Amino acid sequence: MAGSRRKSPGITPEILLRAYSIGLFPMAESADDPEIFWVEPELRGVLPLDNFHVSKSLAKTIRRQPFDIRFDHDFDAVIAACAEATSDRPSTWINHTIRSLYSTLHRMGHAHSVEAWHDDQLVGGLYGVSLGSAFFGESMFSRRTDASKICLVHLVARLRDRDFTLLDTQFTTEHLKTFGAIDVPKDNYAVMLAAAMDSPHLTF
């Protein structure tokens, strides 16, 4: 993991928001590890809102409306699902402290979820933090084909509609690159972040 890491002996929701505003975010080594450390990557993953790409096959799937998409309907269920170990993801960085902190941020109006439901069952989703005109994506999960991808498409549409300027993905993956995600050097990211923090806090 490129970038600096520093341990955090104690953290509050207010400290967490301050950290986001200056380019830091927290992680744990595993779900069972109580320690949290701050991460500041040398290359930051960003998904440009004006250069978001949806494949023809995914667009066709979206037109069929396979899921009921909801926002902030069950935030705690989404973060719990993101924290679950799966065959594709045997370990996770989301520990109990992180789950508790982000649930508090949700109640404060700073953490949000996009959810895919089918037959009243939660089958996919993502969550993240909103601050200024930035949205910091944290994690996503999928229990049905394309569920998390479709949630991402709805997230981008919502951010565009509400004039957000920055969608931070922390890191890039091959999966995110198919949507247009790019790596931004830390200094360039700091300029983008500062501009987003100069904005009043936008309603998600």
Side-chain angles (χ1 to χ4, degrees), residues 1-6 11 13-27 37-55 58 69 71-72 75 78-79 82 93-94 98 101-102 104-115 125-141 148-204:
M1 185 183 298
S4 61
R5 289 169 45 156
R6 60 198 82 167
I11 182 172
E14 292 75 19
I15 290 174
L16 183 52
L17 289 175
R18 174 59 181 159
Y20 274 106
S21 75
I22 60 173
L24 305 176
F25 59 87
M27 296 184 74
F37 55 86
W38 296 114
V39 182
E40 186 179 23
E42 291 296 328
L43 289 176
R44 192 67 165 243
V46 170
L47 192 47
L49 293 170
D50 58 356
N51 194 32
F52 184 69
H53 173 73
V54 179
S55 69
L58 182 59
I69 302 300
F71 297 89
D72 289 339
F75 179 88
V78 171
I79 194 170
C82 289
W93 52 268
I94 303 172
I98 286 175
L101 283 166
Y102 285 85
T104 301
L105 287 188
H106 174 63
R107 293 191 294 273
M108 294 168 62
H110 282 286
H112 303 281
S113 58
V114 184
E115 308 155 16
L126 59 85
Y127 76 95
V129 172
S130 65
L131 189 63
S133 65
F135 188 90
F136 306 88
E138 282 295 319
S139 187
M140 60 175 59
F141 79 99
S148 62
K149 293 180 182 179
I150 291 174
C151 286
L152 180 59
V153 172
H154 281 270
L155 170 67
V156 170
R158 194 173 183 92
L159 297 180
R160 284 172 166 173
D161 183 61
R162 285 156 172 74
D163 296 326
F164 279 75
T165 61
L166 175 62
L167 175 49
D168 179 334
T169 66
Q170 298 179 348
F171 304 103
T172 58
T173 63
E174 291 308 311
H175 168 68
L176 289 173
K177 286 178 181 178
T178 65
F179 289 96
I182 58 174
D183 288 314
V184 176
K186 183 167 65 173
D187 290 346
N188 294 21
Y189 173 79
V191 174
M192 299 167 68
L193 180 61
M197 292 303 101
D198 280 342
S199 166
H201 178 60
L202 299 180
T203 300
F204 180 79

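Throughout, residue positions are numbered sequentially from 1 according to the sequence presented. For clarity, every value in this text was computed on a predicted model and none was experimentally measured.
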> Ignoring hydrogens, what is the shortest heavy-atom contact between L24 and E40? Give both atom names and the distance.
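In this case the closest contact between L24 and E40 is CD2-CB, 3.5 Å.
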> What verdict does the side chain to side chain contact (heavy atoms under 4.5 Å, CB included) test give for L47 and T172, after you've listed the backbone C-alpha separation in whole Å, the side-chain angles of each residue and the deciding distance to 0.1 Å?
CA-CA 9 Å; L47 192 47; T172 58; over 6 Å; no
> To the nearest 0.5 angstrom, please state how far the CD1 atom of I22 sits from the CG atom of L193.
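These two atoms lie 9.0 Å from each other.
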> Step by step, work out the side chain to side chain contact (heavy atoms under 4.5 Å, CB included) result for K149 and H154.
CA-CA 9 Å; K149 293 180 182 179; H154 281 270; over 6 Å; no
> Which value, rounded to the nearest 0.5 Å, describes the distance between F71 atom CZ and S113 atom OG?
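Here the interatomic distance stands at 9.5 Å.
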> Calculate, to the nearest 0.5 Å, the distance between atoms CZ and NE2 belonging to F204 and H110 respectively.
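That separation rounds to 13.5 Å.
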> Please evaluate residues V46 and L167 with respect to the criterion side chain to side chain contact (heavy atoms under 4.5 Å, CB included), reporting the C-alpha separation (whole Å), side-chain torsions for both, the decisive distance (0.1 Å), and the verdict.
CA-CA 6 Å; V46 170; L167 175 49; 5.9 Å; no
> Nearest 0.5 Å, please: how far is CG in D72 from NE2 in H106?
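These two atoms lie 5.0 Å from each other.
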> Report yes if some heavy atom in the side chain of F52 is under 4.5 Å from a heavy atom in the side chain of L152; otherwise report no.
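Contact flag for F52/L152 side chains = yes.
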> Of the options V153, L155, V114, which is the one that meets I69 in a side chain to side chain contact (heavy atoms under 4.5 Å, CB included)?
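Among the candidates, only V114 passes.
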> Would you indicate whether the side-chain heavy atoms of V156 and F135 approach each other to under 4.5 Å?
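Side chain of F135 against side chain of V156, heavy atoms only: no contact under 4.5 Å found.
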> Check L58 against I150 and note the closest heavy-atom contact, atom names and distance.
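That would be CD1-CG1, 4.0 Å.
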> First locate atom CZ of F171, then atom OG1 of T173, and finally report the distance between them rounded to the nearest 0.5 Å.
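So the gap between those two atoms works out to 11.5 Å.
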> Is the distance between the ring centroids of F25 and F136 under 6.0 Å?
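No, they do not, as the ring centres are separated by 6.0 Å or more.
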> Do you know the tightest heavy-atom contact between G125 and S148?
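Smallest heavy-atom distance, with atoms named: O-CB, 4.4 Å.
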> Which heavy-atom pair separates T165 from A196 by the least distance, and what is that distance?
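Looking at all heavy atoms of both residues, the closest pair is OG1-CB, 3.8 Å.
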> Do D50 and P48 come close enough that some side-chain heavy atom pair is under 4.5 Å?
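In contact.
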> Kindly indicate, with the supporting measurements, whether the criterion side chain to side chain contact (heavy atoms under 4.5 Å, CB included) is fulfilled by C151 and E115.
CA-CA 6 Å; C151 286; E115 308 155 16; 5.5 Å; no
> For residues L202 and S130, determine if any side-chain heavy atom of one lies less than 4.5 Å from a side-chain heavy atom of the other.
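No, every pair of side-chain atoms sits at 4.5 Å or beyond.
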> Fit a plane to each ring of Y102 and Y20, take the angle between them on a 0 to 90° scale, and name the class: parallel (under 30°), tilted (30 to 60°) or perpendicular (over 60°).
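The rings of Y102 and Y20 stand perpendicular, inter-plane angle above 60°.
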> Given side chains that start at C-beta, do those of R44 and K186 come closer than 4.5 Å, heavy atoms only?
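No; the side chains remain at least 4.5 Å from each other.
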> L105 versus L17: any side-chain heavy-atom pair under 4.5 Å?
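Yes; the side chains approach each other to less than 4.5 Å.
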> Can you name the nearest heavy-atom pair linking I98 to W93, along with the distance?
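Between these two residues, the closest heavy atoms are CD1-O, 3.5 Å.
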> Is any side-chain heavy atom of F37 closer than 4.5 Å to a side-chain heavy atom of P26?
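SC-SC contact between F37 and P26 ruled out.
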> Within the 4.5 Å heavy-atom criterion, are M108 and P13 side-chain neighbours or not?
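M108 reaches P13 side chain to side chain.
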> When rounded to the nearest 0.5 angstrom, what distance separates OG1 in T169 from NE2 in H175?
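It is 10.5 Å, given to the nearest 0.5 Å.
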> Ignoring hydrogens and geometry beyond distance, is a side-chain donor-acceptor pair present between H53 and T178 at under 3.5 Å?
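No.
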